[in-house]
2 protein chains.
Amino acid sequence: MVTTQAESVLRGSPYRADCPTRHILDRVGDRWTVLIVGALWDGNARFSELRRRIEGVSQKMLTQTLRGLERDGLVHRTVHPEVPVRVEYTLTEAGRTLREPLRALQEWAITHLGDVSASQEDYDHANRPLSDSTDRDK
Amino acid sequence: MVTTQAESVLRGSPYRADCPTRHILDRVGDRWTVLIVGALWDGNARFSELRRRIEGVSQKMLTQTLRGLERDGLVHRTVHPEVPVRVEYTLTEAGRTLREPLRALQEWAITHLGDVSASQEDYDHANRPLSDSTDRDK
DNA sequence: CAGCATCCTACTTGATACTG
DNA sequence: CAGTATCAAGTAGGATGCTG
């Protein structure tokens, strides 16, 4: 704990277990975070709207992730006290700045999807799983 | 399973549960992946070297993540059959292209760390956890 | 509608022991 | 040194039922 935190924050510090950037990466790395930011890309959306847009997200995870994003100041939550409650979510200023790096990442993913899949097949083919000695293709 | 995969790969598809970009995001979002790529930033490293650089990673997780990265074609593994075996890891061409988006992300994290922490404190202060009515600061 | 609380499973991770 | 194998434990996440 004698490490120079101030300096360590600026460079390769995430290797230190206590580095706070890890928390950020955890949040960003979260599957739903990325998708939610994407779903709020161009404007606001209500809860049920997000739920519909993001296929496969459970109500629990959506709520949970949104709360986390709100806590981190990346998403703003507005409650309209109407008869059936209406809640709208928007990206905050900070949240909008996150779109860029995430977009870059997604773009990378799309670009390299093919290569990765191909590599995986090669790998799986080379390192035969647990099949018996007969060389049958799966 | 009647969805048009080909098309869905090209745009906002990650919202579809079956979209393969999710797998990529899972990999990228992985805590250790980011750190390993960072550790291999400028050159190669041996197993034990990585283990030392990346504080907090268990031998199992390191192996596992490296295997995953190798399978995805992002990291290359070279075994030197010397007396005490020596294994070196390097980023592949594809792996190197990943550095940029990851660097952007890390930069974002560093830049916004303060804001996020501040926001978290505000949030936690506003939404008092489960303390009793007395307003004692924890 | 939007969300909270509870239960319960399944995957992830760590610790430990052993090997080429 | 660089792993593999195994087991125990923690946690994320889904399903369900209830509420302002």
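Each chain gets a letter, A, B and so on, in the order its sequence line appears, and its residues count up from 1. No hydrogens, no waters, no symmetry mates; every other heavy atom, side chains included, goes into these values.
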Euclidean distance, atom [atom1] of residue [X] to atom [atom2] of [N] [Å, nearest integer]:
X: A/E88; N: C/dG3; atom1: CD; atom2: P; answer: 11 Å
X: A/D30; N: D/dT11; atom1: CG; atom2: C1'; answer: 14 Å
X: B/R27; N: C/dT12; atom1: CZ; atom2: P; answer: 11 Å
X: A/M61; N: D/dG13; atom1: CE; atom2: P; answer: 5 Å
X: B/E82; N: D/dG3; atom1: CD; atom2: P; answer: 14 Å
X: B/R67; N: D/dG3; atom1: CZ; atom2: C1'; answer: 7 Å
X: A/H80; N: C/dG3; atom1: NE2; atom2: P; answer: 12 Å
X: A/Q64; N: D/dA12; atom1: CD; atom2: P; answer: 8 Å

*Mind checking A/R77 for me? I need base, sugar-phosphate or nothing, with any heavy atom below 4.0 Å counting as a touch.*
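It contacts sugar-phosphate atoms only.
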*Classify the nucleic acid contact of B/V87 as base, sugar-phosphate or nothing, counting any heavy atom under 4.0 Å across all strands shown.*
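The residue B/V87 makes sugar-phosphate contact but no base contact.
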*Any side-chain heavy atom of A/L91 within less than 4.5 Å of one from A/H76?*
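They are not in side-chain contact.
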*Take atom CD of A/E121 as the centre, draw a 6.0 Å sphere, and report whether it contains more than 12 heavy atoms from other residues, nucleotides or ligands.*
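Open: at most 12 neighbouring heavy atoms sit under 6.0 Å from CD of A/E121.
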*State which of D/dG3, D/dC1, D/dG14 makes the closest approach to the side chain of A/K60.*
D/dG14
*Consider the side chain of A/F47, meaning its heavy atoms from C-beta on, and name the nucleotide among D/dG13, C/dG3, D/dC1 that approaches it most closely.*
C/dG3
[X] side-chain N/O to [N] phosphate OP1/OP2 under 4.0 Å:
X: A/Y89; N: C/dG3; value: yes
X: B/R31; N: C/dT13; value: no
X: A/R46; N: C/dC1; value: no
X: A/R51; N: C/dC1; value: no

*Over all heavy atoms of both residues, which pair between A/R53 and A/A39 is shortest? Give the atoms and the distance, please.*
NH1-O, 2.5 Å
*Of A/V85 and B/S48, the one whose closest DNA chain D nucleotide lies more 5'*: B/S48
*From CA spacing to verdict: salt bridge (charged side-chain N to carboxylate O under 4.0 Å, His left out), B/E88, B/R86*: CA-CA 7 Å; B/E88 296 221 312; B/R86 185 165 57 98; 3.6 Å; yes
_Gap separating the CZ atom of B/R52 from the CZ atom of B/R46, nearest 0.5 angstrom_ = 8.5 Å
*Establish whether the base of C/dC4 is bridged to the side chain of A/Q59 by a donor-acceptor pair shorter than 3.5 Å.*
yes
